[in-house]
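Just below is one structure, and these are the notes that go with it.
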Amino acid sequence: YSREKMQLILMLDSSPSCKRMAKVYSKIATESAKFDDVEIYDSPNGYSHSVYDPRTKQFRLLEREEIDYTYHWNGFQNRTIIYFGDYDAQESIRMSYKYNDVHWFFQRSHYEDYTDENNKRYISRIAEQWKDKVTVHQCNNLTDLISAVRNMK
């Protein structure tokens, strides 16, 4: 299964651990669907199971070959992947960051030890782990998201 697109890939974690940000993720998907150059995936824990179909204006389940293509994001090459989610997608990020530009809007607020200082240290460790190949943005609430987007420009 091979396809070549120049579109931006948006992956949204819909797993229970990201339920605090579910409304924000839904709004992001709704707004992103208005653009032709965004491919939107529902990706609980970084594993895509459905993709937004602009013709029907609904998410549809991925077919077998599409699941193989998106597993650990291994079918994407020279793409920009924007992932909204928590730590569960680390394996997919590790498998794809060498071939793609990955921006991870990281949510960590479900941890008991969550504080701004702990979160900043954790994000720094993640960024160091990925050797600056992955851009990690704190995204535990709407304020974090707005700040991260401003810093991207």
Side-chain angles (χ1 to χ4, degrees), residues 1-111 119 122-141 144-145 147-149 151-153:
Y1 185 75
S2 175
R3 62 182 173 171
E4 195 65 34
K5 290 190 176 186
M6 298 306 293
Q7 297 176 335
L8 183 70
I9 298 171
L10 178 63
M11 296 191 160
L12 303 165
D13 188 340
S14 61
S15 68
S17 61
C18 289
K19 69 181 177 185
R20 283 194 66 200
M21 292 294 286
K23 287 182 183 178
V24 173
Y25 293 174
S26 177
K27 289 178 184 177
I28 290 168
T30 300
E31 289 301 313
S32 299
K34 296 176 183 177
F35 299 95
D36 291 336
D37 57 352
V38 180
E39 219 174 307
I40 308 167
Y41 291 88
D42 182 9
S43 301
N45 299 325
Y47 298 100
S48 299
H49 69 73
S50 59
V51 64
Y52 181 76
D53 186 339
R55 288 173 297 198
T56 63
K57 301 198 182 311
Q58 294 180 1
F59 280 89
R60 67 165 176 77
L61 292 176
L62 294 174
E63 296 175 12
R64 175 66 186 205
E65 62 186 14
E66 292 172 309
I67 290 171
D68 291 343
Y69 182 83
T70 62
Y71 186 75
H72 286 312
W73 312 349
N74 61 358
F76 303 126
Q77 192 165 11
N78 297 321
R79 306 284 299 274
T80 298
I81 300 172
I82 298 178
Y83 174 67
F84 284 86
D86 58 9
Y87 66 95
D88 297 327
Q90 286 189 54
E91 185 64 18
S92 294
I93 292 168
R94 187 181 67 74
M95 298 291 285
S96 71
Y97 81 88
K98 297 172 191 164
Y99 310 106
N100 299 286
D101 183 19
V102 178
H103 294 266
W104 183 6
F105 286 81
F106 179 74
Q107 178 204 234
R108 189 168 186 250
S109 60
H110 63 280
Y111 285 98
N119 201 51
Y122 189 78
I123 288 173
S124 292
R125 281 195 309 267
I126 290 172
E128 187 177 310
Q129 173 186 353
W130 302 113
K131 299 172 181 60
D132 296 325
K133 301 285 186 180
V134 176
T135 306
V136 182
H137 308 274
Q138 178 173 304
C139 191
N140 292 304
N141 54 48
D144 287 348
L145 174 61
S147 176
V149 170
N151 290 335
M152 285 181 74
K153 291 184 178 184

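Residue numbers run from 1 in the order of the sequence given. Because the structure is a prediction, the values reported are computed rather than measured.
In this structure the side chain of Met95 never reaches within 4.5 angstrom of the side chain of Asn74, judged on heavy atoms. Counting heavy atoms from C-beta outward, Tyr87 and Gln107 have side chains that stay 4.5 Å or more apart. Using a 4.5 Å heavy-atom cutoff, the side chains of Ile67 and Leu62 are in contact. Proximity of Tyr47 to Asp88: side-chain heavy atoms (C-beta onward) are nowhere separated by under 4.5 Å. Between Asp36 and Pro54 the shortest side-chain heavy-atom distance does not fall below 4.5 Å. Residues Val51 and Thr70 form no side-chain contact, since every pair of their non-hydrogen atoms from C-beta on lies 4.5 Å or further apart.
The shortest non-hydrogen separation linking Ala29 to Leu12 is CB-CD1, 3.6 Å. A pairwise comparison of heavy atoms in Asp86 and Trp104 identifies O-CZ2, 3.3 Å as the closest pair. Across Ser96 and Ile81, no two heavy atoms sit closer than the pair OG-CD1, 4.3 Å. The nearest pair of heavy atoms linking Asn100 to Arg79 is OD1-N, 3.0 Å. Scanning all heavy atoms of the two residues, the minimum distance from Ser92 to Gly46 falls at OG-O, 3.5 Å.
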Show the numbers, then the answer: is there a side-chain contact (heavy atoms from CB on, under 4.5 Å) between Asp37 and Leu8?
-> CA-CA 6 Å; Asp37 57 352; Leu8 183 70; 5.8 Å; no
For side-chain contact (heavy atoms from CB on, under 4.5 Å), just list the numbers for Ile93 and Trp73, CA-CA rounded to whole Å, side-chain angles, deciding distance to a tenth of an Å, and then say yes or no.
-> CA-CA 8 Å; Ile93 292 168; Trp73 312 349; 3.6 Å; yes
Chi angles and distances behind the side-chain contact (heavy atoms from CB on, under 4.5 Å) call for Tyr52, Val38 | CA-CA 10 Å; Tyr52 181 76; Val38 180; over 6 Å; no
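Under the side-chain contact (heavy atoms from CB on, under 4.5 Å) criterion, Asp101 pairs with Thr80, His103, sequence neighbours left out. Scored by the ring-ring contact (aromatic ring centres under 6.0 Å, His included) test, His49 finds no partners at all (sequence neighbours excluded). Residues meeting the side chain to side chain donor-acceptor pair (under 3.5 Å) test with Ser48, sequence neighbours left out: Ser43.
Using modelled atom types, one finds no donor on one side chain facing an acceptor on the other under 3.5 Å when comparing Asp13 with Tyr25.
Rounding to the nearest 0.5 Å gives a distance of 8.0 Å between NZ of Lys27 and NZ of Lys23. Ser32 contributes atom OG, which lies 12.5 Å from atom CD of Glu39 (distance to the nearest 0.5 angstrom). We find the CG-SG distance between Asp144 and Cys139 to be 6.5 Å, quoted to the nearest 0.5 Å. The distance from atom CG of Leu61 to atom CG of Asp42, rounded to the nearest 0.5 Å, is 9.5 Å.
For Phe59, the CZ atom sits in a packed shell: over 12 heavy atoms of surrounding residues, nucleotides or ligands are nearer than 6.0 Å.
The backbone N or O of Ser26 sits less than 3.5 Å from a side-chain atom of Thr30, completing a donor-acceptor pair.
In summary, the aromatic rings of Phe76 and Tyr69 are positioned with their centroids under 6.0 Å apart.
For the ring-ring contact (aromatic ring centres under 6.0 Å, His included) with Phe84, the lone residue among Phe106, Tyr41, Phe105 that qualifies is Phe105.
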